[in-house]
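Values in this document were obtained by computation on a predicted structure and should not be read as measured data. Below, read A as the first sequence line, B as the second, and so on, with proteins coming before strands; counting in each chain starts at 1.
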Number of protein chains: 2
Amino acid sequence: MTNKGQILRLLNYKNLLKHLQSLGFKKVFSDNISDTLEISSSLVRKDFGNFGITGNRKGGYDIDSILSKIDEILGKDEIQRVIIVGVGRIGEALMSYQGFIKEGIQIVAGFDIEPDKTKTDTSVPIYHIDKVSDFIIENKIKICILTVPQMVAKHTVDLLSASGIGGILNFTPIKFQSTSELTINNINIVHELENLIYVVNKQKENQSKT
Amino acid sequence: MTNKGQILRLLNYKNLLKHLQSLGFKKVFSDNISDTLEISSSLVRKDFGNFGITGNRKGGYDIDSILSKIDEILGKDEIQRVIIVGVGRIGEALMSYQGFIKEGIQIVAGFDIEPDKTKTDTSVPIYHIDKVSDFIIENKIKICILTVPQMVAKHTVDLLSASGIGGILNFTPIKFQSTSELTINNINIVHELENLIYVVNKQKENQSKT
DNA sequence: ACTAATATGTGAATTTTGTGTCATAAACAA
DNA sequence: TTGTTTATGACACAAAATTCACATATTAGT
Ligand SMILES: NC(=O)c1ccc[n+]([C@@H]2O[C@H](COP(=O)([O-])OP(=O)(O)OC[C@H]3O[C@@H](n4cnc5c(N)ncnc54)[C@H](O)[C@@H]3O)[C@@H](O)[C@H]2O)c1
Ligand SMILES: NC(=O)c1ccc[n+]([C@@H]2O[C@H](COP(=O)([O-])OP(=O)(O)OC[C@H]3O[C@@H](n4cnc5c(N)ncnc54)[C@H](O)[C@@H]3O)[C@@H](O)[C@H]2O)c1
């Protein structure tokens, strides 16, 4: 019933509302939101309706209660523990990123194949990849960020899958398909950049035509 | 007329076809592609049709000619020069990433505000942010990857915009809107992860219900 | 040369996603 | 209390994206 677009919009609503809240606003109208996010106000109301968020006719929506409702929808009552597999350049950047914890996401461990990368005296321990399966099972880890080299990506996904992980955020260029057991969301940065380049070049062409 | 989904699919076709090509295949049928990418074969044919890629009835499509057609569509005749603004943890990871050049994308410079980050003796020079405007103009840079702290994101976008940049791939959590002059594509990694967490938790719920 | 098989290409049908419209409830003013 | 305003919520409508269905061209076998 719910789709990816809806959830991503919900996250955008959340960011905006937190901002408005920090500015001291208490309530908001659907077209305050739709104006800044450049969508229609009826879509905002429809999304809210779908997620069971209700407002007051003429009175708008209460920011505090939307926000707690969104947190409830997103399961923010408990901290989500996430591991990173492949602590190379991008894995390391993500590992030390401070933006996750604010959203209730905690990076609890990293895993790498290089013995000299493994260290447990840091704020987030890095273990050898051999330990990942036991770690997932013992700590009931559901989510993993995958940042290993492309060459070992398939093998690593199989390993994680066999360990019973529920979701993988995959940064390798290999496009994996989800199954009913395991959701894999692929972020292909090169494709995002190629797409942007396409759009910009297209735009330039059209501008020079006129 | 073309949309983001179509271009991203085209990039997926390209990856798959390059793989098939490397395995020695010469031709391909629309349902070879649709099966592995889990879309319908008619969508593949429709995409190809939209982009002017034609096949032979009963004979399928010639891999070499699709690939060169795709490169033509994506403007791969010339190397795309891209700069990175904000050479911190994620900017550095992207800067040293070897995956871009294979796709004809060259990171030509980085820019940062910290004087001790600026160095020109490396394979890709890092200049002070003060130089970004001149660099963009002199080198006719159209595309930028934005990896500065959230706090200075808006200000930096304004700066880049004023320098006449055409596209920004934005990794900061601020969601920017595109204009007719400047396309901004936002990659929000936290949102991607939150979305994944939502889907996985939802799935778990539904499984325990049955 | 004829026939059977088969994959493309395309218009129609369907599904999905987003927008417009408006009756209605709430708030406020007089 | 009554009237006026106004934003929600529901639903009809529109647009976009995807799939279905099949006529048609092409190839291969006999
Ligand atoms: N660096 C980037 O900016 C960037 C951008 C987009 C995509 N990616 C993708 O992300 C992945 C990682 O890229 P990177 O630049 O960080 O590479 P990297 O080589 O710096 O890091 C990879 C890490 O994985 C470890 N590793 C290797 N085999 C392993 C295994 N079997 N199990 C666990 N760990 C293992 C390596 O020791 C290394 O630390 C690649 O697939 C790359 O294509 C990277
Ligand atoms: N690290 C991650 O994994 C990650 C993940 C998702 C999003 N992001 C986002 O990417 C951005 C960068 O994150 P980071 O972790 O690399 O931070 P960082 O602090 O490591 O890097 C930021 C860099 O930008 C430079 N900088 C600061 N002000 C500048 C200015 N005005 N002009 C040019 N450069 C300037 C800093 O000197 C620093 O080198 C942030 O907005 C962050 O939210 C990071």
Side-chain angles (χ1 to χ4, degrees), chain A residues 1-13 16-17 20 25-67 69-70 73 175 177-178 191 195 198-199 202, chain B residues 1-13 16-17 20 25-67 69-70 73 175 177-178 191 195 198-199 202:
Chain A
M1 195 210 86
T2 47
N3 63 43
K4 178 156 178 172
Q6 258 179 87
I7 297 291
L8 291 179
R9 275 201 303 277
L10 202 68
L11 293 165
N12 287 325
Y13 299 155
L16 173 59
L17 292 170
L20 292 176
F25 288 94
K26 292 290 173 211
K27 62 182 190 176
V28 70
F29 304 117
S30 58
D31 48 341
N32 299 150
I33 300 175
S34 66
D35 284 352
T36 41
L37 298 182
E38 300 203 330
I39 53 179
S40 72
S41 64
S42 46
L43 183 54
V44 175
R45 293 196 297 276
K46 183 171 266 187
D47 282 338
F48 282 1
N50 282 143
F51 288 114
I53 294 167
T54 66
N56 309 303
R57 296 203 184 211
K58 176 146 175 149
Y61 299 88
D62 178 64
I63 292 180
D64 288 354
S65 51
I66 309 179
L67 282 173
K69 188 80 192 179
I70 290 180
I73 293 163
K175 193 178 184 217
Q177 304 294 340
S178 299
H191 282 191
N195 175 64
Y198 174 83
V199 174
K202 199 83 180 175
Chain B
M1 195 211 85
T2 46
N3 62 44
K4 178 156 178 174
Q6 258 179 83
I7 297 290
L8 291 179
R9 276 201 302 279
L10 203 67
L11 294 165
N12 287 326
Y13 300 155
L16 173 58
L17 292 171
L20 293 176
F25 288 94
K26 293 290 172 211
K27 62 182 192 176
V28 71
F29 303 117
S30 58
D31 48 344
N32 300 149
I33 300 175
S34 66
D35 284 351
T36 40
L37 297 182
E38 299 202 333
I39 54 180
S40 74
S41 63
S42 50
L43 183 55
V44 174
R45 293 196 296 278
K46 187 155 273 187
D47 281 339
F48 282 1
N50 281 145
F51 287 115
I53 294 168
T54 66
N56 309 303
R57 296 202 185 212
K58 177 146 175 150
Y61 299 87
D62 178 64
I63 292 180
D64 289 354
S65 52
I66 308 178
L67 282 173
K69 189 80 192 180
I70 291 180
I73 293 162
K175 193 180 183 215
Q177 306 292 341
S178 299
H191 281 190
N195 176 64
Y198 172 83
V199 174
K202 199 83 180 174

**Asked** For D/dT18, does either OP1 or OP2 sit under 4.0 Å from a side-chain N or O belonging to B/R9?
**Response** yes
**Message:** Side-chain N or O of B/S30 versus OP1/OP2 of C/dA7: is the shortest distance under 4.0 Å?
**Reply:** no
With sugar-phosphate meaning primed atoms plus P, OP1 and OP2, does [X] contact a base, only sugar-phosphate, or nothing at under 4.0 Å between heavy atoms?
X	answer
B/S41	nothing
B/G49	nothing
B/Y61	sugar-phosphate

Once side chain to side chain contact (heavy atoms under 4.5 Å, CB included) is applied, do any residues pair with [X], and if so which ones, sequence neighbours excluded?
X	result
A/V199	A/N195, B/T183
A/S42	A/S40, A/R45
A/K175	A/N186, B/N12
B/S65	B/D62

Within this structure, what is the [atom1]-to-[atom2] distance between [X] and [N], rounded to whole angstrom?
X	N	atom1	atom2	answer
A/N32	D/dT6	CG	P	15 Å
A/D62	C/dA26	CG	P	16 Å
B/Q6	D/dT19	CD	P	13 Å
A/K4	C/dG18	NZ	C1'	19 Å
A/I63	D/dA7	CD1	P	15 Å
B/D47	C/dG9	CG	P	13 Å
B/L37	D/dT18	CG	C1'	15 Å
B/I53	C/dG9	CD1	C1'	14 Å

**Item:** With sequence neighbours excluded, residues passing ring pair (Phe, Tyr, Trp, His ring centres under 6.0 Å) with A/Y61
**Value:**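 In terms of ring pair (Phe, Tyr, Trp, His ring centres under 6.0 Å), with neighbours along the sequence ignored, A/Y61 is linked to A/F48.
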**Prompt:** Side chains of A/L17 and A/I33: does their closest heavy-atom pair fall under 4.5 Å?
**Reply:**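 Yes - at least one pair of side-chain heavy atoms lies under 4.5 Å apart.
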**Request:** Give the B/S/- string for nucleotides 20-30 of chain D, one per nucleotide from 5' to 3', where a protein heavy atom under 4.0 Å of the base yields B, of only the sugar-phosphate yields S, and otherwise -.
**Result:** BB-BBBBB---
**Message:** Between A/D31 and A/S34 (side chain of the first, backbone of the second, donor and acceptor by atom type, cut-off under 3.5 Å), is there such a pair?
**Reply:** no
**Prompt:** Counting side-chain heavy atoms from C-beta on, which of C/dG9, C/dG18, D/dA7 comes nearest to A/L43?
**Reply:** C/dG18
